[in-house]
Protein chains: 2
Amino acid sequence: MATETTVEKLANDLAEAILAGVFPPGSKLDENQLAQRYEVSRTPVREALRQLATTGLIEFRPRRSAIVSTVTPAQLEELFIAMGEIEATCARLAAISMAPTERRRLQMVHERMGQAELQNDPSAFAEDNHLLHAMIYSGAHNAVLKDMAISLRRRLSPFRRAQFHLEGRPPRSFREHDAVVSAITRGDAAAAHAAMLHHVMLIEQSYEDLCATQTLRLPVNETN
Amino acid sequence: MATETTVEKLANDLAEAILAGVFPPGSKLDENQLAQRYEVSRTPVREALRQLATTGLIEFRPRRSAIVSTVTPAQLEELFIAMGEIEATCARLAAISMAPTERRRLQMVHERMGQAELQNDPSAFAEDNHLLHAMIYSGAHNAVLKDMAISLRRRLSPFRRAQFHLEGRPPRSFREHDAVVSAITRGDAAAAHAAMLHHVMLIEQSYEDLCATQTLRLPVNETN
DNA sequence: GACACAATTATTGTATGCAATATTTCTCTT
DNA sequence: AAGAGAAATATTGCATACAATAATTGTGTC
């Protein structure tokens, strides 16, 4: 048994399961069932649920089962906008306060991402994409904003995953990153902010496009 | 007993007590003591503590007592910067998307605040100050950013309280607000952002000044 | 047959109990 | 006397038990 406590592990596992779609939005989280499933008692289950409730992943209504938070399209858009703003803020601060080493490493990862795209290696591309954004959060040198960004990114991960499958996204993503990275490395705060805002806005847009094509396809699939 | 559950009430009471300084930073939060103090069992106490831990107000170390989070000066500065950035973002979005009614009401509260300052009514001034900022959060029309701003403001409240006692702050605060409100009402997003950033930065500065004078005064008081 | 109300069941909320770990205190050695 | 180690104590972590409330099912009446 590691240094990790049962509740900690439960909270992580549950969050992962929810984000992976094991417990779909709106579904009830029965404490007894969860206790059986994870082979623990209800006490740690409840503590984990409370923790997840404060992060917004689930809703804890008194005297009723906790349910996985349902996000309406309107709420989803607010989440995307908030994430865009936070990321843009981090990019702006990064442009101001990144150390020379950090700027060089950022540039390096960005270029490696370009290689991954040319070699058509989506897994390496996705990994470096994540790393690049994480480096920008860190580069802001502000743990509070960094945590916010990570939390939002995590919460939006189910909606961002599909994005990579969309036609033409990786090369476009690379070009958008280029504007961000270039602005940060040359210390242009305003440009970094604007470029990142633009980038995340386009991600949201591509998600919406994906939704649109899917709602058109769904009825077709039903007839099969 | 209202619709409110014990844990909910406990979490609120505890948070208020911590922010009020009843439990100073670094102090241990003994579960049994808290259970006795609030006349409940340890179970709801633990759930409340976990909830507070995820908000960052306390730290929950495994197998050790939870402690009230200690904020180093460096962390405090990060909190202030994060709050400035979030508030500035809200101001920018508010300048873009506030409805005409909201803009008028904002202007109204701002002017009333000026009256309160002239009439030397610090309580009315403080209340409207809070309202003004809250209106800007709401005016961004983004619940996620609004929650972040409220959460940060709450967390910084112990450090902001003293600020009003500082010489010359209210009139200066009014002038700073004027720049923000004017930019928002005329829809100048960039100016709203810049003005709010400037305003919160000055708040932080005045807090630091206060700290400086207090550290100078403290030894003097000890000799009395 | 459908709706309403009541009894039953199930599930959450809180309390208590036990086991495991951390902290404290006491003793022994150097 | 000071430090190290061990026993004792205290406190956390988790499980179980009971109480209170919501959900469900069944029965009776219209």
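These values consider heavy atoms only, across backbone and side chains, with no hydrogens, waters or symmetry-generated copies.
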Report summary line: Rounded to whole Å, the CZ-C1' distance (B:Arg42 to D:dG13) equals 7 Å
Query raised in the report: OP1, OP2 of C:dT14 versus side-chain N and O of B:Ser41: anything below 4.0 Å?
Result: no
Report task. Between B:Glu47 and B:Lys28, just flag the one whose closest nucleotide in DNA chain C comes earlier from the 5' side. Result -> B:Glu47
Query raised in the report: Quick one: is C:dG13 close enough that its OP1 or OP2 comes under 4.0 Å of any side-chain N or O from A:Arg46?
Result: yes
Requested in this report: Can you measure from CD (B:Glu59) to CG (B:Leu29) and round to the nearest 0.5 angstrom?
Outcome: 11.0 Å
Query - Nucleotide C:dT11, atom P - distance to CZ of A:Phe60 in whole Å - result: 15 Å
Query raised in the report: D:dG13 P sits how many Å from B:Asn32 CG, rounded?
Result: 12 Å
Query raised in the report: Rounded to the Å, how far apart are A:Gln36 CD and D:dA15 P?
Result: 13 Å
Query raised in the report: A:Arg63 has an atom CZ; how far is it from atom P of C:dT12, in whole Å?
Result: 11 Å
Query - OP1 or OP2 of D:dC14 under 4.0 Å from side-chain N/O of A:Thr6 - result: yes
Report task. Kindly point out which of C:dG17, C:dT12, D:dA15 is positioned nearest to the side chain of A:Pro44? Result -> D:dA15
Query raised in the report: How long is the span from the CD atom in B:Glu87 to the CE atom in B:Met196, to the nearest 0.5 Å?
Result: 4.5 Å
Report summary line: Between B:Arg50 and B:Gln33, the residue closer to the 5' end of DNA chain D by nearest nucleotide is B:Gln33
Query - Presence of donor-acceptor pair under 3.5 Å, side chain of A:Ser65 and base of C:dT12 - result: no
Requested in this report: May I have the distance from B:Ile67 (atom CD1) to C:dA22 (atom C1'), rounded to whole angstrom?
Outcome: 15 Å
Requested in this report: Kindly say if B:Thr43 contacts the phosphate of C:dT14, meaning a side-chain N or O under 4.0 Å from OP1 or OP2.
Outcome: no
Report task. Using atom CG of B:Asp30 as one end and atom C1' of C:dT21 as the other, report the distance to the nearest whole Å. Result -> 15 Å
Query raised in the report: Starting at CD of B:Glu8 and ending at P of C:dT12, how long is that distance when rounded to a whole Å?
Result: 17 Å
Report summary line: Side-chain contact check for A:Val7: nearest option of C:dT12, D:dG13, D:dC14 is D:dC14
Query raised in the report: So, B:Arg153 side chain and B:His133 main chain: donor-acceptor pair closer than 3.5 Å or not?
Result: no
**Report entry** A:Arg105 side chain vs A:Met135 backbone, donor-acceptor pair below 3.5 Å
**Finding:** no
Query raised in the report: Does a side chain donor of either A:Glu176 or A:His198 reach within less than 3.5 Å of an acceptor in the other side chain?
Result: no
Query raised in the report: Reckon B:Arg64 has a side-chain N or O less than 4.0 Å from the OP1 or OP2 of C:dT23?
Result: yes
